[in-house]
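Here the structure is laid out as structure tokens; the discussion comes afterwards.
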Amino acid sequence: MAYDAGAIEPKWRKIWEERRAFETERDESLPKFYCLEMFPYPSGALHMGHLRNYSIGDLIARFLRMNGYNVVHPIGFDSFGMPAENAAIKMKTHPAEWTLSNIDRAIEQLKSMGCSYDWRRLVKTCLPDYYRWSQWFFLRMYERGLAYRKYAPVNWCETCGTVLANEQVIGDGVCWRCDTPVVKKGLEQWFLRITDYAQELLDCLDGLTGWPERVLAMQRNWIGRSEGVRFNIAIADTDLSIEAFTTRIDTIYGITFVAIAAEHPMANTLAGRSAEAKRDEILDFARRMSSRSAIERTAVGGDKMGLDTGFKAINPVNGKLVPIWIADYILMEYGTGAIMGVPAHDQRDFDFVRKYGLGVIPVVRVAGEPIPDPEKMKSATEADGISCNSDEFDGLPTPEAIRKIAERFEERGWGKRETQYRLRDWLISRQRYWGTPIPMVYCDQCGLVPIPESDLPVELPLDAVVPPNGGNALLGCPDWINTKCPKCGGPARRETDTMDTFICSSWYFFRYLSPGFAEGPFKPEDSKYWMPVDLYIGGIEHACLHLIYARFFTKVLSDLGLASPDLREPFTGLLTQGMVIKDGAKMSKSLGNVVDPDEIIKKYGADTARLFILFASPPDKSLDWSDKGVDGAHRFLGRVFRLVEDNLPALSSASAAKIPMRDIKDPKRRGLKRLIHSTVDRVTRDIRDEKQLNTAVARLMELCNGLSAFSPSDRDGACLFREGVETLLLCLSPFCPHVCEELWEMLGHGDMLAHAKWPAAETEALAADSVTVVLQINGKVREQYSVEPGLSREALAERVMSEESARRRIDGLEVVKVIAVPDKLVNVVVKG
RNA sequence: GCGAGAGUGGUGGAACUGGCAGACACGCAAGACUUAGGAUCUUGUGCCUCCGGCGUAGGGGUUCGACUCCCCUCUCUCGCACCA
């Protein structure tokens, strides 16, 4: 009987299921571990990236379970969103039908991988018993002013027919889902006040020591804190003024112009106060600039466009008049949408004045050098230096100049110091059908009215038909839209926007903890016991999306008193898995380099697929798919299988007792004993401390090789051999659970390996009988000797120098120095 | 431009606080068993001018000793980017 994954794997999956092997309950007496993998979006079948994600997660869950942790390991589906609507149009079906059948298929795939999930905790975000609590959170936030509606220029994706949050505009300003260039539109939309948490989201990053530096850096960058001064600039001959923000208030004397964004309301105001021709010119320019997409705005290669309004601004510090321009490189979304133009010390302003012939006034010089000639400047000098041309502030180094001038501004009431963030409030409304309905109505009498909690969930009408042009199907549901005002009972219309799907994924890991709970989103005691997630595994693409939103949500839940007040962060450990690539590129249909997980599992079995994925590269690096490598992994499992099968008589006859190292005399056996225990030691550390899963597999291969080379010739030998084989199966089981269970059973065990205790390395068996030390001459290796371990520096040097071959090497040379490193080497430094 | 990470055999990748570079595997080569081998087993496998040298992107430095620490340069990947 040869290794047959096709027979073994279904057998064990059935046993695990029947024995409810992976169902866990809260148990205060046990240490807990929350192992979480990012839940999939069920758009068709799972791909290799999923297989990798869930192989890593399942390994960790199984490993910690064997190490005595009470492990919660759930799975679910992020099942609202655009692809379901697109598929509904294409396949002439309903998004719900498409989604739910895909989920069924994905569940089969996950099960075929042998993942140790607690299936009772399954969450599908598109079902009312889940999304009603998203609605409930929304209402809690609305009460607190954390959810609000406002008119703003927002990101619009024409293909998706909806607005997008800032985080969902990626790359060169394209939609994260469909790569369509995003355009700006003025619309009234729902927002969550994530900016209230900007500082805390930033501060807490320092405490996330279990996160990769890369993700922390990306989030810091995304939140984008900067300190500066916000101040007023009066417009000459008017009663108007413009607010500007700068981080370099020390360069205030260098202003040669003021610029505002094309969308700035002041553009209209100034147009209104201009003569007719100028007015049309301004309005036309502003309209042209603001209607361009992000791509158009940046694609010109930095060539800046501007228009002089004809108005003058008054520099608060010296009363100088400078022109006010509208410029396309000023962003309405950042700061105040207006800047002071200091070309000498800002490259963008410099480029702008060079194009339009405005002046340059240097106000910072390099220490020890004269003030540069503005005519000869080739670029702006943005580095710190010494203030000049700045009245009484001349001679101050930049940081001091910033402080002194900022103080002056505050004293005189011209402005105040302020901290700005790049992070924007989270735009959560979507003009889409397949999402969580926003629980609000519009009443002609009462205005905007929240749905009372008792009326939740506001169910998504399932009889809606997604229009072929991709519009919002809810608009075609008058029976659903027209309702009664909860306040006055009069006619009212439901909000037809739905929530961003990232709302669904912002709290699902709480819901897992209290499956089926009907009185709230989750039980506080469940959350208190299980949260935070100890290890979260998923792709890095969510660094500035889901991982920021979920952090925000957790803080809100904590502040609302739903989760413990001390739960400020949802995920203490984060493992960002690398991509799966083949032939040098990410697997994609267009490149035709996709490998289907189903086919691999069918051909080789899940154990082989898992082993290859975990062995081929460290989890956080990209994984190069190799068909040959899969063969190799499969061959290894065949060897493990034969190791047990071919030696079954010896293994069966051996007692389960372990012979301690001190009672083993034969050097070969002592070597095997040491190999067994050093393997346990290394594998445990590789998994637990380093998450170096590939080297853990390598160690197990070495153990297998060592065992294959050993022939158990007597009772003690068989006993040691059995210890080795069982250790191998125990340590390999989180990687390849099915085949290990099968072999464990063949060895006569009645219990499940999944619940077995992880082996402990015997320290006595780790110590080496002898160590190989090398003799170096001037750092070059010349000889090797086997010596007893633990020799002191002196003893080791003496021991090595007494060797015949060592004497010969050194004979006749002038020895300058001898360096000995215990158990490692002796380096003889010679002259000549 | 800013930030993060990487560069080691033909390939994927190892190397703990500086101490035998290339673990483990893939591939390749030779052999064994075979009617057969894309099965299995054994052996070998960094490079060269091979009793000796050279080798961890390139150049310098620190050290008895550097893939590892320091400085400079190059290349690649990822993220952000007229952010005031």
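Naming convention: chains lettered A, B, ... in sequence-line order (proteins, then strands); numbering from 1 in each chain.
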- Message: If the glycosidic angle sits within 90 degrees of zero it is syn, else anti. Tell me which applies to B:rC48.
- Response: anti
- Message: I want to verify the glycosidic state of B:rG9; is it syn or anti under the 90° rule?
- Response: syn
- Message: Using heavy-atom distances to pick each residue's nearest nucleotide on RNA chain B, tell me which of A:K780 and A:S622 is more 5'.
- Response: A:S622
- Is the distance between the ring centroids of A:F257 and A:F352 less than 6.0 Å? yes
- Note on the structure: Heavy-atom contacts, protein to nucleotides 14-21 of chain B, under 4.0 Å, summarised as B (base), S (sugar-phosphate only) or - (none) per nt, yield SSB--BB-
- Message: Applying a 4.0 Å non-hydrogen cut-off, can you work out what A:D631 is touching in the nucleic acid: base, sugar-phosphate, or nothing?
- Response: nothing
- Task: Take atom P in B:rG10 and the same atom in B:rA6, then report the distance between them in whole Å.
- Result: 23 Å
- Message: What's the gap between B:rC33 and B:rU42 when it is taken at their C1' atoms, as a whole Å value?
- Response: 11 Å
- Message: What is the distance, to the nearest angstrom, from the CG atom on A:L732 to the P atom on B:rA25?
- Response: 14 Å
- Distance, rounded to the nearest Å, where A:H345 contributes NE2 and B:rG1 contributes C1': 19 Å
- In dot-bracket form, how is RNA chain B paired, counting a Watson-Crick or G-U wobble pair only if both its distances are under 3.5 Å and using | for bases paired to another strand? (((((((..(((......[....)))((((((.......))))))(((...)))..(((((..]....))))))))))))....
- Message: Quick check: any donor-acceptor pair below 3.5 Å linking the side-chain of A:K817 to the base of B:rC64?
- Response: no
- Item | Single hit among A:I330, A:I255, A:D346, A:L331 for side chain to side chain contact (heavy atoms under 4.5 Å, CB included) with A:I339 | A:I330
